[in-house]
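First the structure, in the form of structure tokens, and then the observations on it.
Side chains are part of it too, since the values below use all heavy atoms of this structure and drop only hydrogens, waters and symmetry mates.
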Amino acid sequence: VKKLLSFLTCLYFIPQVCGSIILGVSIWIRVSGSQQVNACSHTSTIMFAGVNLLIAVGAIIMVLGFLGCCGAIKESRCMLMLFFIGLLLIVILQITGGVLGAVYRSQVESALNNTLRTSVDALQSTSGAYKEYQEEFQKFERENQCCGLLEGPEDWGQNFNKPSSIICQCETETSSSDLCTYYQGRYIYQKPCGEVIMKKLKDNLIIIMGISFGLAVIEILGLVFSMTLYCQIGRK
């Protein structure tokens with residue numbers, strides 16, 4: 001029994017390590033993503049909802065891992081039961097979130113498209129109220145070699161034809177047929193930025209799904225180990 005207790009005690013360090021990794025990766029996605037799509041702040045709520053959830057889950061797992069370690073070292077059935085219940089709730093919420101995400105996936109994409117259409121109004125504004133947003137979005141266009149959100153240069157409206165405007169302007173050395181197109185007397189990027197934003201969203205979702213899958217395996221092992229240790233301590 002003592003050997004089993006020692007072995008299971010060591011295993012409780014795994015959730016803490018995994019929680020730290022999940023927390024670190026999630027924060028990295030959140031920070032780097034915020035910098036990349038700062039110009040598209042209207043879409044940030046949708047894009048980072050899953051990341052924010054992972055940050056919370058990573059922090060909770062770290063706390064639960066510490067609780068499990070203390071319960072195993074002190075052979076406290078109360079701590080182990082709290083660990084089991086907390087981890088079980090996370091697994092249930094995680095499965096529920098996955099099912100809801102799969103069911104309402106089309107609605108999420110539709111909501112994102114509606115959000116992008118709202119952002120188009122900000123690009124077309126000539127009042128100066130969205131000047132800072134427009135400047136940030138132009139930086140986003142240059143960095144990602146794209147133009148507009150949904151319909152390319154048409155999304156900029158009258159702002160595109162302002163004197164000495166460089167909106168969507170493609171660099172001379174990169175004015176290839178694949179990247180740029182000739183429009184109203186100059187070369188501009190032909191890919192809408194909406195495609196770039198959607199790709200970033202899907203890439204982040206792939207990372208989130210991968211982390212969530214690995215997390216589910218660890219959580220199930222944690223449930224098995226905690227109940228095994230709980231029963232072993234009860235038999236002593």
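Counting non-hydrogen atoms of neighbouring residues, nucleotides and ligands closer than 6.0 angstrom, the CD atom of Gln184 exceeds 12 such neighbours. Within 6.0 Å of CD1 in Ile166 there are 12 or fewer heavy atoms belonging to other residues, nucleotides or ligands.
Between the Gln158 side chain and the Gln124 main chain, no donor and acceptor come within less than 3.5 Å of each other. Counting only distance, with no hydrogens or angles, the side chain of Asp155 and the backbone of Val120 share no donor-acceptor pair below 3.5 Å. In this structure, Glu141 contributes its side chain and Cys147 its backbone to no donor-acceptor pair below 3.5 Å.
With sequence neighbours left out, the salt bridge (charged side-chain N to carboxylate O under 4.0 Å, His left out) criterion links Lys139 to Glu136. With sequence neighbours excluded, the residues forming a side chain to side chain contact (heavy atoms under 4.5 Å, CB included) with Leu82 are Leu67, Cys78, listed by chain and number. The side-chain hydrogen bond (donor to acceptor under 3.5 Å, both in side chains) search around Ser125 returns Ser127, not counting sequence neighbours. With sequence neighbours excluded, the residues satisfying ring pair (Phe, Tyr, Trp, His ring centres under 6.0 Å) with Tyr183 are Phe160. For Glu135, the side chain to side chain contact (heavy atoms under 4.5 Å, CB included) partners are Lys131, not counting sequence neighbours.
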- Task: Determine, step by step, whether Tyr130 and Asp121 satisfy the side-chain contact (heavy atoms from CB on, under 4.5 Å) criterion, reporting the C-alpha distance in whole Å, the side-chain angles of both residues, the deciding distance to 0.1 Å, and the verdict.
- Result: CA-CA 10 Å; Tyr130 295 97; Asp121 295 335; over 6 Å; no

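In this model, Cys193 has its SG atom within less than 2.5 Å of the SG atom of Cys146.
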